[in-house]
*Asks:* 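One structure follows; several queries about it will come next.
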Amino acid sequence: DLIHKFTSKLVKANSLIVVGKIKSTSFTSSKLAKSVYDAGWFDIKRQLDYKCANAGCHYIEVNEAYSTQTCSCCGSRQDSPKGRSGLGITVWFCRSCKTTHNRDVNGAKNILAVGL
């Protein structure tokens, strides 16, 4: 019920929804498996897909590779955190354009840019 309400609210409030192609199977073999299954990613994407089709809202899935590592301002990847060790770094500074980024917000901006 919560997922239905959440996805309905998203579709009503937006004319375009862009999400990264998350392959949850790559997470389910790790210690994150329970959290991945609890999150219901597949069901959220499935509901967004059919609700957008019925509401006239555009729904796009894009490749999210390097979306958190690429600077959303200048496109540089030189100074971004990389690899599994970099996952704990939530804020990073791009020396190329002198911008500070929140990793999640930066990734969302890059995913939206690819979708647009």
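Since the model is a prediction, treat every value here as computed from it, not as a measurement.
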*Asks:* Do the side chains of Asp1 and Lys5 get close enough for a salt bridge, i.e. N-O under 4.0 angstrom?
*Replies:* yes
*Asks:* Is there a chain of hydrophobic side chains (I, L, V, M, F, W, Y, each step under 4.5 Å between heavy atoms) that links Tyr50 to Phe42?
*Replies:*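 Result: no, two separate clusters.
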*Asks:* What distance do Thr100 atom OG1 and Trp92 atom CH2 have between them, rounded to the nearest 0.5 Å?
*Replies:* 9.5 Å
*Asks:* With a 4.5 Å cut-off on side-chain heavy atoms, are Leu116 and Leu112 touching?
*Replies:*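 Yes, at least one pair of side-chain atoms sits under 4.5 Å.
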*Asks:* Is there a path of hydrophobic side-chain contacts, each under 4.5 Å between heavy atoms of I/L/V/M/F/W/Y residues, joining Ile111 to Tyr59?
*Replies:* no
*Asks:* What's the spacing between His58 NE2 and Ser15 OG if we round to 0.5 Å?
*Replies:*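 One gets 7.0 Å once the value is rounded to the nearest 0.5 Å.
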*Asks:* What's the shortest heavy-atom distance between Val11 and Cys57, and which atoms?
*Replies:* CG1-CB, 4.2 Å
*Asks:* Would a distance-only check, ignoring hydrogens and angles, find a side-chain to backbone donor-acceptor pair under 3.5 Å from Asn102 to Asp104?
*Replies:*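 Yes, because the side chain of Asn102 sits within donor-acceptor range (under 3.5 Å) of the backbone of Asp104.
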*Asks:* Roughly how far, to the nearest 0.5 Å, is the CG atom of Leu2 from the CD1 atom of Ile44?
*Replies:*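 The CG atom of Leu2 is 8.5 Å from CD1 of Ile44, to the nearest 0.5 Å.
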*Asks:* Might you point out which heavy atoms bring Thr99 and Cys73 nearest each other, and give the distance in Å?
*Replies:*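 That closest heavy-atom pairing would be CG2-SG, 3.9 Å.
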*Asks:* For Gly115 versus Ile60, what's the shortest heavy-atom pair and its separation?
*Replies:*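 So the minimum-distance heavy-atom pair works out to O-CD1, 3.7 Å.
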*Asks:* At what distance, to the nearest 0.5 angstrom, does OG of Ser8 lie from CD1 of Ile3?
*Replies:*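 If we round to the nearest 0.5 Å, Ser8:OG and Ile3:CD1 are 11.5 Å apart.
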*Asks:* State whether Arg46 and Asp43 are salt-bridged, where the test is any N-O pair (Lys NZ or Arg NE/NH1/NH2 against Asp/Glu carboxylate O) under 4.0 Å.
*Replies:*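 Between Asp43 and Arg46 there is a salt bridge, with a charged N closer than 4.0 Å to a carboxylate O.
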*Asks:* Which of these, His101, Arg103, Lys109, sits in a side chain to side chain contact (heavy atoms under 4.5 Å, CB included) with Val105?
*Replies:* Lys109
*Asks:* Flag yes if Val114 and Tyr66 sit in one hydrophobic cluster, no otherwise; membership is Ile, Leu, Val, Met, Phe, Trp, Tyr, and two members link when side-chain heavy atoms are under 4.5 Å apart.
*Replies:*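 Different hydrophobic clusters.
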*Asks:* What are the two closest non-hydrogen atoms of Lys45 and Glu61, and how far apart are they?
*Replies:* CE-OE2, 3.4 Å
*Asks:* Which pair of non-hydrogen atoms, one from Gln69 and one from Arg77, has the smallest distance, and what is that distance?
*Replies:* O-CG, 3.5 Å
*Asks:* Taking Leu48's backbone N and O only, do any of them form a donor-acceptor pair with Lys51's side chain (distance below 3.5 Å, no angle check)?
*Replies:*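 Pair absent, no side-chain N/O of Lys51 close to backbone of Leu48.
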*Asks:* Check whether any side-chain N or O of Thr70 sits under 3.5 Å from a backbone N or O of Ser67 as a donor-acceptor pair, and report yes or no.
*Replies:*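 Side chain of Thr70 to backbone of Ser67, a donor-acceptor pair under 3.5 Å: no, none is there.
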*Asks:* Side chains of Ser96 and Cys71, heavy atoms from C-beta outward: is any pair under 4.5 Å?
*Replies:*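 Result no, sub-4.5 Å side-chain heavy-atom pair not found.
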*Asks:* Can you check side chain to side chain contact (heavy atoms under 4.5 Å, CB included) on Cys94 and Cys74, steps first, answer last?
*Replies:* CA-CA 9 Å; Cys94 176; Cys74 71; 3.7 Å; yes
*Asks:* Do the side chains of Val18 and Val62 get nearer than 4.5 Å, heavy atoms only?
*Replies:*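 In short, these two side chains touch, coming nearer than 4.5 Å.
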